[in-house]
Each structure stands twice: as C-alpha cells, then as structure tokens.
There are 2 protein chains.
Amino acid sequence: MNLKELSDLLGLSQTTVSRALNGYPEVRESTRQKVMEAARAHNYAPNTRAKTLATGKAMTIGHVLPVSKKHEMVNPIFADFIAGAGEIYSDNGFDLLLSVVDDDSEEASYRKLVSRGAVDGIIVHGPKVNDSRIALLRELGVPFVVHGRSTEIDADYSWVDVNNTRAFQRVTEFLLDLGHRRIALLNGLADMDFATRRGAGYLAALEARGVQVDPALMFHEEMTENFGFETARKLLAADNPPTAFVASSIIPAIGVRRAISDAGLEMGKDVSVVIHDDALSYFSNDGDEPAFTAVRSSVRQAGRHVAQALINKIATPGAPVHQEMLEAVLTVGRSTGQAPALRQAMEQEK
Amino acid sequence: MNLKELSDLLGLSQTTVSRALNGYPEVRESTRQKVMEAARAHNYAPNTRAKTLATGKAMTIGHVLPVSKKHEMVNPIFADFIAGAGEIYSDNGFDLLLSVVDDDSEEASYRKLVSRGAVDGIIVHGPKVNDSRIALLRELGVPFVVHGRSTEIDADYSWVDVNNTRAFQRVTEFLLDLGHRRIALLNGLADMDFATRRGAGYLAALEARGVQVDPALMFHEEMTENFGFETARKLLAADNPPTAFVASSIIPAIGVRRAISDAGLEMGKDVSVVIHDDALSYFSNDGDEPAFTAVRSSVRQAGRHVAQALINKIATPGAPVHQEMLEAVLTVGRSTGQAPALRQAMEQEK
DNA sequence: CCAATTTACCAAAGCGCTTTGAAAATTGCA
DNA sequence: TGCAATTTTCAAAGCGCTTTGGTAAATTGG
C-alpha cells in the first residue's frame, strides 16, 4: 500500500492524505479522521526512503562500531549504550544505522556515511587521546556528539562524559583512607582517552597524599576478565604485593577476584578492590551491599543523554555545543576494607 | 556533490555517469576512468535514499533489539552477534538498521519496518517457544532468518542454530561419567527456545543413565552473574547439595564460581562446573586449559552465518529455506573433576 | 562507398513521498 | 442574496538516483 493507492481509495488527492497524516492544519478534522482510520486499516506507513528523499532528512543516526579483526574485541558496554540511545531514537522517530567496520577503515566509513547522505548525525564511541575523528566530522559538517572527550583537542565540540578523573581520584583516596599504600591500577588501553583521565585521577590522589607512585603497579590493557586475572595473579605472587586494586571495569575485576580467591586470600579483607561500574545489565552490582565498592555511572543512561543531545543538535543547527559532565556515584560494597597493616596497627593500640 | 553536479562537471549526462559508476558495459573504458577519478576526487557517493528509492531495494537489514524497560536487560551476546553479522553486511554493501523497542511492542515494530519499506530482510533474535514472530514475518512476506529455532512451529523457515540439545546432553554425560549424580542446571528463561532444548538435553542424559531427576535442581532465569551466585550459594548451603553445575552461559557460571569459593570449596575438585560458552570477546575461555569446561560455539560466527544466509535469501527469492545446525565443541577445562564420592571410592580401592 | 551493425551517449520517465501555488468549496457579513 | 474572506482540496514540481527507449557517431562488411 502506497500513498497513491491510499488516496485513490479515499477519493482524495495525495496532497490531502499526506497532510492529514502529518498533522498539518489545513485539512478538515473529519477528513483527517477518515484518512487516519484508512491508513491504520490498511497498515499504511509512508515509505521511508521516499519520505526522507523528499524532506532531505534521513531521520537516521549513525553509529560506527570499530571491530578489530585481529583480536576480535567488541566493547561490552556497547550493547547497553545502544539500548539507551535506541530508546531515545524510538521516541523521536529516528532510526539507528550501525556500521561495523574494520579498525583501520573507520575514517573512510564516516566519510561515506555522510557523503551518501545516509545519516543526519553521528555518535562517536570510545574517543582516543587526540582523536582524529573530531576534526574529520567537523570538516564534513555533520552534527555529532562524542561519548567521552578527547584530550589535546581544544576545538569546541559536543560531548557527554563521566568525570573519570574525579571518580578515580575519589576511589583512590578511599583506598588511601583505609590505609592502603600499594594500589594497583588496571586501566584500559593507553590510547583511550578515558584511560588517560582515570590514570590522572589515580595519580593525583597518590601525589596529594605524598604516596610514592610505583609504575610497576599500573597496567594498560584491553579490559578482559583474563587481564584482571593474570595481572592480579602475578602481582599477588610477587614480592611486596599490592593490598588493593583499582579496576576500570567490572569485567577485569571479576578476574581479580578469581586470582584473589585462587591465592587463598579474601577480597575485602586481605585485598581490597574498587571498580568503575558501568551498570551493565548482566552484572548488576547494586543492592544494599554490592559485591564491589564502585564509582557507578550507568552507560545506558549515558546513551540516552548522548542521543538526546544529538537529536537536539540536529533540530537546532545553530545551537551552541552541548558539553555535559556526568558524576559517578561512590558506593561502598563488600570488596574493600582496611589495609592489613593498618588493621594490625589499630589492634595493637587497643 | 550529487550526480547532476558531477555529470555537469564532466560534461556528460547523468545516465552515462551513473552507468560508468555502476559498471555497466555500454560506456567507453576511457570515459569510465575519467568518471571514476572525478568521483573519487570530489568524494562523490550516490545518495543512499535516492538510490534505494530508484532501485526499490533498501540494501538494509533490520535487527530488532527488544529491551524490557522493567528489568533493563540487554542480551550480552547481542554485541558479538552484531559484530559478526555486521562484517558480512559491510562486505556486501548492506546497512544494518537497529530498532530498539520495548518488549511488548516488538511485533508492531516488525510490521512498521516492513510497511515503511525500510529493510529488505530481518533477523530474528532470541526466538521463544512457539514464537509468533515467525508467522508474522511469513505473513508480511519479508525475507528473514532466525538465530535459533522455535519449537512447536512446523512451518518451513530459515534458521541457523546451535545443536543445544546435543551440547547439553554431552556436558551432562561428561559430568555423569565423572561420577556426579546431583547436577544443578542453571538455564535461561523458560520461554526461550534455546532453554527448552538445553533442558531437554540435560534430561535426556540423566534419563539415559537412569539418574533420578530432581526438579529442585533446575532453574530458569535471566542469565545474570547474580542468578548464578545466589542460586549456587543457596544450593551449596542446603542439605544434599549438588556436586556439579551446568550453566547456560559463562556469566552465571562466574557467579557460581564466586559462590563456590565463598563457601570455602574448590571448583574442579569439590564442585564441578560446565558451561555453554558463546565465546564472548571479553570473557575468553580458551587456551590449553580454559577456566571452564565448556561446549563452545562462537556467537560471532553464528552472526556471520545468519547474515550470509539472509543475504543469499534476498538475492534469490525463490530459493529453498536455509536450515543450518552448528555443533558445539566440548573442551575440557579446569572447572571439572571427579565427583567427591567417586574419588573416595577409587581411593579406597587402591 | 554505403547500408547494416555496433558502440557510446543522452533525454526523460519513474521510484513514493512532501510541498508549493492555485483552484474549489464553504463561510461570514452586509 | 451576493461577494470577499477563509477553509479545504488538488495538480504538479521536485528530492537524486536508475533505467527505458531512444539517437547520433563510429565501425564493419560486402
């Protein structure tokens, strides 16, 4: 069923039917009712491609999912983020175009998305330090919003980010307050912007307290369960092991937990663990007393915010950039406790 | 830059430029070269919407991601599946349209996707027992492929599925061979088709060996880490605890592992665990001796197969249905060992 | 060398919609 | 009742592409 057929059926012109359907005022209310009803009855929905061609708006948002064919990693926060963004798109009549591209052809993929006129706007995932995509998208003149930020780029662009530095400074301070001095950091890949900021927060906390930084306790890797496990296993078996771990995501933290219990130690007593919790749906870390002490910031919520910001940007081209900082909430769970040394000292005092 | 501008620039007609670009024979090779070059130089790519309008093909595959607003779950295998499918789409010039919809309006969403002419084909995720979407999509006459199958529907439709029944029968037999008799099953939601098949495999193995089935050891729930943890915690604390667990995914199994070590037990010795491993990228369970004994079947690979099947179907409308069964590989890891009773018996024999 | 092909290109129609500009129908008011 | 103002409807153009049905130019064969 297309517009012509529907309007022939109703004995009206395509113009009138179109206007009736799209809520224009210059059509009698009784006519509109009839049209609406007929459309519903015949399951008519305007052809997307024709409509977007005529209006010049694609009503589509592009997401590029870079997937390395080498290590086959696909970011686990992606699904939750998309779910959040997708809710907003549905509510606003936008489609979501997902482009899965090989790591090294990401830029070409953005270019093509725009020159094909396939999307009205783009969301940038996982910005790196000094990310070249920002300059590219500005050059292409397409509206975009970054989930995260990119250090060293001072151009004005729209972003929604968690205050990573502050979050990691807080959890590190929290561990320091508990008497921990050797604190390992399991961070994301070094070129990722969020990892840089988290590292900075961690260092700021240590330095503010005059605690010596040990580079041998700082790790940058793909945030797999195995990374957490192997790193913690080695550290715990070595001389002078850390008494606490800061993990960039719940996934490596699960590996850390495994290594701790394999070593016959108890998490929250012998070794403390704090995490950044993205509130992934299959790894809920909530309740009165969550498994992990965490700075939490829902990535699904971030998806909603980013999507809304982009839609606003598309609706109002001239508007100023949208820059939004989300604060992470620090929640204490069962994975942290006083450093063993401090506990002993306090017991002796008694 | 659009076709008209490009052809004016070249002093050629739109027809010729279009044909040159699309590889038709009736254009001189030297002209084609010139056109190609100019297109590249000016970063011309044909407008997707105009092109698809003219050809009548959307060159887009639809995926519907149902997201319950209640429990906010988004299937963690989704991202990996999409990554696999997306690779195939990219290679074949298809776009991926992702529709995030609320649980209860999923059907309406398929309807609209088709009547809007937004997609050439649809992939069905997470089929339930007697899934109504199959009848719906047949009625709509749109090509589709199901990732999984739907019991009780005998209509011919295309699917790619893992042999879930066989896989779970095998792991259950494996545990029985090790002397386990009380084996808990942590399955997915009861209305999911895969859960039904897995349950059937588990039961078939027990029955074949004449082992009494204890319904109190079978659980159907959303496959979260917490489900695994809580279930195992309670079972291990109760009278007559199971000596082995079969988990439908690595995620609840991680919870089971946590409960085991919290109870002061050792996985692989006191309690055995086997899993279905979807080979999620952030939870690699491979290497010489993986953490978990598992039946493995890469969901990313499944994504590739499903996507390819759908593309073929679109290209050849008359072709017979595609039904493909993937077998899962049983790999022995560190999470399984002889049942304590059997071990004792064998030690006495010596 | 000229008719018959073949080659290389082009004008225009059409995909299904929105939107402009105009016409027809209705209403208001003297 | 008559005419201007207003409301309602319509025909046709246009969005950027593909494709049909040509035509002129180049090539071939006898």
Side-chain angles (χ1 to χ4, degrees), chain A residues 1-36 38-39 42-60 93-95 112-120 315, chain B residues 1-36 38-39 42-60 93-95 112-120 142:
Chain A
M1 171 71 50
N2 62 22
L3 184 63
K4 184 167 188 327
E5 288 163 14
L6 184 65
S7 48
D8 284 356
L9 201 102
L10 285 157
L12 290 168
S13 74
Q14 299 190 32
T15 311
T16 305
V17 175
S18 171
R19 314 209 91 141
L21 257 20
N22 290 310
Y24 283 77
E26 55 272 72
V27 53
R28 201 190 311 161
E29 200 49 43
S30 62
T31 320
R32 187 193 305 282
Q33 294 303 331
K34 259 181 248 149
V35 172
M36 294 291 233
H42 296 81
N43 224 307
Y44 169 79
N47 180 292
T48 307
R49 306 193 299 283
K51 179 166 188 160
T52 57
L53 217 213
T55 57
K57 312 179 152 304
M59 293 307 284
T60 301
F94 278 82
D95 283 332
K112 202 153 174 218
L113 227 41
V114 174
S115 59
R116 275 171 36 195
V119 299
D120 299 317
Chain B
M1 172 71 49
N2 61 23
L3 184 61
K4 184 167 186 327
E5 288 163 14
L6 184 65
S7 48
D8 284 357
L9 201 103
L10 285 158
L12 289 168
S13 75
Q14 298 189 32
T15 310
T16 305
V17 176
S18 172
R19 312 210 92 140
L21 257 19
N22 291 310
Y24 283 76
E26 54 272 74
V27 52
R28 200 192 311 159
E29 200 48 45
S30 63
T31 319
R32 188 194 304 282
Q33 294 302 331
K34 259 181 248 152
V35 171
M36 293 292 232
H42 296 82
N43 223 306
Y44 169 80
N47 181 292
T48 308
R49 306 193 298 283
K51 179 166 189 161
T52 57
L53 218 213
T55 57
K57 312 180 152 304
M59 292 309 283
T60 301
F94 277 83
D95 283 331
K112 203 155 173 215
L113 227 41
V114 174
S115 59
R116 275 172 31 190
V119 299
D120 299 317
V142 64

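Proteins get letters first, then strands, A, B, ... in listed order; numbering begins at 1 in each.
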Note to self: Just verifying a value: how many Å separate Leu12(A) CG and Leu6(A) CG, rounded to the nearest 0.5 Å?
What the structure shows: 9.0 Å

Margin query: Within residues 12-19 of chain A, which residues have any heavy atom lying less than 4.0 Å from an atom of DNA chain C?
Written below: Gln14(A), Thr15(A), Ser18(A), Arg19(A)

Checklist line | Contacts of type side-chain contact (heavy atoms from CB on, under 4.5 Å), residue Arg32(A), not counting sequence neighbours | finding: Ala20(A), Val27(A), Glu29(A), Met36(A)

Item checked: Val17(B) vs Lys4(B), side chain to side chain contact (heavy atoms under 4.5 Å, CB included): CA-CA, chis, key distance, verdict -> CA-CA 9 Å; Val17(B) 176; Lys4(B) 184 167 186 327; over 6 Å; no

Check: Hey, which of Thr48(B), Val119(B), Leu113(B) is the one that makes side-chain contact (heavy atoms from CB on, under 4.5 Å) with Thr60(B)?
Finding: Val119(B)

Next item on the list: State, yes or no, whether a side-chain contact exists between His42(A) and Leu9(A) at a heavy-atom distance under 4.5 Å.
Entry: yes

Note to self: Near DNA chain D, counting only heavy atoms under 4.0 Å, which residues of residues 44-56 of chain A show up?
What the structure shows: Leu53(A), Ala54(A)

Next item on the list: Answer yes if the side chains of Thr16(A) and Ser13(A) hold a donor-acceptor pair under 3.5 Å, and no otherwise.
Entry: yes

Check: For Glu5(B), which residues count as a side-chain contact (heavy atoms from CB on, under 4.5 Å) partner, sequence neighbours excluded?
Finding: Met1(B), Asn2(B)

Checklist line | Residues within residues 20-30 of chain B bordering DNA chain D, heavy-atom distance below 4.0 Å | finding: Asn22(B), Tyr24(B)

Note to self: Would you say Thr55(B) and Thr52(B) are linked by a side-chain donor-acceptor pair, where the criterion is simply a distance under 3.5 Å?
What the structure shows: no

Item checked: Nearest heavy atoms of Gly117(A) and Asn47(B), plus distance in Å -> CA-ND2, 4.4 Å

Note to self: At a heavy-atom distance below 4.0 Å, which nucleotide of DNA chain C is the first touched by chain A, and which is the last?
What the structure shows: dG16(C) to dT20(C)

Notebook entry, point to check: What's the verdict on side chain to side chain contact (heavy atoms under 4.5 Å, CB included) for Lys51(B) and Asn22(B), showing C-alpha distance, side-chain angles and the deciding distance?
Noted result: CA-CA 11 Å; Lys51(B) 179 166 189 161; Asn22(B) 291 310; 3.6 Å; yes

Check: How many angstroms lie between CZ in Arg49(B) and NZ in Lys57(A), if you round to the nearest 0.5 Å?
Finding: 10.0 Å

Next item on the list: Quick one: closest heavy-atom pair of Ser115(B) and Asn43(A), and the distance?
Entry: CB-O, 3.6 Å

